[in-house]
Amino acid sequence: YRAQAAMGAQAPLPLRLDVQAEVETQVPGGEPLTLRGKAQVAGTLAGADAALQLTAHLQPAQNQPASPTLAAKAHIRPWASQPLDEADLRLHRLDLASLWPGAPVTALGGTVTVQPRPGGWTVQADLQNLSPGPADRRRVPLEQIAAQALWQDTGWTLDRLDARLGGGRLQASGTWTPASESGQRPMTWSGEARLKAVNPAQLWSTLAPAALDGQASARTGASDRAAIDWQVTVQPAGRQPPRSAADALRLRNLQARGRWQPADAGGTLDLAELRLDALDARLQGRGRYGHPAARAEAQGTALPLMLIRR
């Protein structure tokens, strides 16, 4: 590591900081890798117009067109009410496993940008992963993601998330509002997600293959903010992979809704409704599971679909 800093003694207090580093790491299944990084902070610190420009760059010592790189820059106004003026992150074939032990193998490319807006920031991400795979094999089952989120004093809003993963597509949106400092307004959040032709075996290799469509939603309880109300719907997609579990089970539809009530020593899961149409029959039920006493209650019925159609 090597660092050099210089700062003026008079207004506007000019500042320049340069840092260089060289790190030895090991690419999983590959050769040792030497990474070189450099960062610079330059600008002024005095007065209302003080501004700092930050830049950072990380790349292998033997740089080639296909080498992984990370480049970031940000413009900061340290004494402004909204200090972060803008930020930009650019990735090219970045392997997280070469930077952090235990991280999955990736080849990430794309951009993440932060832009100011009245009362907050807009964050946009457009990323690709050229080395996707199941999570249990030290991969990330994500192929591509595009997202836009907004931060304001009232919290986060995920306007859109569109991702390709598990051979299918995931779309999501949501909100998160922090609790007020006085405690009069509790923390609240909500989220919705939609799946299209997602294969569980591509998310986790030991799961049975299938192509599933679905919807899921969750939110803090209306009457109890500590609780989480949720519901899930899953159906088979129109086209199934070979040896599909959905075909084997003759899955038609799965619906469930309930509430999770957390507690200091565990929590309680209330299953308000469960309906499963599979194997030419319908299972309906509800139940409750509590921890740590590990108590369980359930009741349900099973009917052949031919009787239901009548």
Side-chain angles (χ1 to χ4, degrees), residues 1-23 35-59 63 68-94 96 99-100 103 106 108-128 145-162 172-191:
Y1 295 89
R2 184 174 60 187
Q4 183 177 0
M7 182 174 177
Q10 297 180 349
L13 297 180
L15 170 70
R16 182 184 177 96
L17 173 65
D18 291 279
V19 179
Q20 296 183 359
E22 196 167 281
V23 180
L35 295 173
R36 287 179 178 172
K38 59 182 179 179
Q40 183 184 89
V41 181
T44 59
L45 288 174
D49 294 330
L52 297 172
Q53 186 72 30
L54 281 71
T55 60
H57 194 267
L58 180 69
Q59 68 181 43
N63 191 28
T69 58
L70 180 152
K73 63 180 180 179
H75 190 256
I76 296 177
R77 300 183 183 275
W79 317 128
S81 58
Q82 191 166 297
L84 183 61
D85 203 23
E86 63 177 350
D88 181 271
L89 176 67
R90 296 181 181 274
L91 311 174
H92 175 67
R93 298 187 66 88
L94 184 67
L96 296 179
L99 301 178
W100 294 282
T106 62
L108 295 174
T111 61
V112 179
T113 60
V114 180
Q115 295 289 339
R117 57 173 294 163
W121 296 275
T122 297
V123 181
Q124 291 185 310
D126 189 355
L127 299 172
Q128 304 84 38
I145 183 171
Q148 176 174 299
L150 169 66
W151 165 256
Q152 290 181 307
D153 294 337
T154 54
W156 281 100
T157 299
L158 179 62
D159 290 328
R160 64 176 179 87
L161 184 150
D162 196 342
S173 60
T175 62
W176 177 79
T177 303
S180 61
E181 294 183 1
S182 64
Q184 296 181 349
R185 185 190 66 203
M187 183 271 291
T188 61
W189 63 270
S190 65

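Only this structure's heavy atoms are used, side chains among them; waters, hydrogens and symmetry mates stay out.
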Chemist: I'd like to check Leu150 versus Arg117 (side-chain heavy atoms, cut-off strictly below 4.5 Å). Are they in contact?
Modeler: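 They are in side-chain contact.
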Chemist: Quick one, Met7 and Leu45 - any side-chain contact, counting heavy atoms below 4.5 Å?
Modeler: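 Yes, close enough: below the 4.5 Å cut-off.
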Chemist: Write down the atom of Ala51, the atom of His75, and the distance for their closest heavy-atom approach.
Modeler: CB-NE2, 3.8 Å
Chemist: To the nearest 0.5 Å, what is the distance between CG on Leu35 and CG on Leu70?
Modeler: 10.5 Å
Chemist: Locate the shortest heavy-atom distance separating Ala5 from Leu17; write the atom from each residue and the value.
Modeler: CB-CD1, 3.7 Å
Chemist: Strictly distance-based, threshold 3.5 Å: is any side-chain N or O of Thr44 a donor or acceptor partner for the main-chain N or O of Leu13?
Modeler: no
Chemist: Salt-bridged, Asp162 to Arg160, with N to O below 4.0 Å?
Modeler: no
Chemist: Using side-chain heavy atoms (C-beta onward) and a distance below 4.5 Å, is Trp121 in contact with Glu86?
Modeler: no
Chemist: Any side-chain heavy atom of Ile76 within less than 4.5 Å of one from Leu84?
Modeler: yes
Chemist: If I take atom CG from residue Leu58 and atom NZ from residue Lys38, how far apart are they, to the nearest 0.5 angstrom?
Modeler: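 Going from CG on Leu58 over to NZ on Lys38, the span is 11.5 Å.
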Chemist: Which pairs, with at least one residue in residues 6-22 and sequence neighbours excluded, count as a side chain to side chain donor-acceptor pair (under 3.5 Å)?
Modeler: Arg2-Gln20, Arg16-Asp18, Asp18-Gln40, Glu22-Arg36
Chemist: So Trp176 and Thr154, do their side chains get closer than 4.5 Å, heavy atoms only?
Modeler: no
Chemist: Can you name the ring pair (Phe, Tyr, Trp, His ring centres under 6.0 Å) partners of Trp79, sequence neighbours left out?
Modeler: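 For Trp79, no residue satisfies ring pair (Phe, Tyr, Trp, His ring centres under 6.0 Å) once neighbours in sequence are set aside.
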Chemist: Going from OG1 on Thr177 to CD on Gln152, what distance comes out if it is rounded to the nearest 0.5 angstrom?
Modeler: 10.5 Å
Chemist: Test your reading of the model: is there a side-chain donor-acceptor pair from Gln124 to the backbone of Val114, 3.5 Å cut-off?
Modeler: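 The answer is no, because no donor-acceptor pair under 3.5 Å joins these two groups.
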Chemist: Rounded to the nearest 0.5 Å, what separation is found between the CD atom of Gln115 and the CG atom of Asp88?
Modeler: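 Reported to 0.5 Å precision, the distance equals 8.5 Å.
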Chemist: Looking only at heavy atoms, which two atoms of Gln82 and Gly119 are closest? And how far apart?
Modeler: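 Answer, listing the atom of Gln82 first, then Gly119: OE1-N, 3.9 Å.
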Chemist: If you measure from the Lys or Arg side-chain nitrogens to the Asp or Glu carboxylate oxygens, is any gap between Asp85 and Arg77 under 4.0 Å?
Modeler: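 Salt bridge between Asp85 and Arg77, a charged N being under 4.0 Å from a carboxylate O: yes.
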Chemist: Hey, does Leu89 have a side-chain heavy atom less than 4.5 Å from the side chain of Thr111?
Modeler: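 Side chain of Thr111 against side chain of Leu89, heavy atoms only: no contact under 4.5 Å found.
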Chemist: Considering only heavy atoms from C-beta outward, does the side chain of Leu15 approach that of Leu52 to under 4.5 Å?
Modeler: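 The answer is yes, as the side chains (C-beta and beyond) meet within the 4.5 Å cut-off.
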Chemist: I need the minimum non-hydrogen distance between Gly155 and Pro178, along with the two atoms involved.
Modeler: CA-CD, 3.7 Å
Chemist: Kindly write out the residues that satisfy side chain to side chain contact (heavy atoms under 4.5 Å, CB included) with Leu127, not counting sequence neighbours, or none if the list is empty.
Modeler: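 Leu127 satisfies side chain to side chain contact (heavy atoms under 4.5 Å, CB included) with Leu91, Val112, Ile145 once adjacent residues are dropped.
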Chemist: Kindly determine whether Thr157 and Thr175 satisfy side chain to side chain donor-acceptor pair (under 3.5 Å), including the steps that lead there.
Modeler: CA-CA 4 Å; Thr157 299; Thr175 62; over 6 Å; no
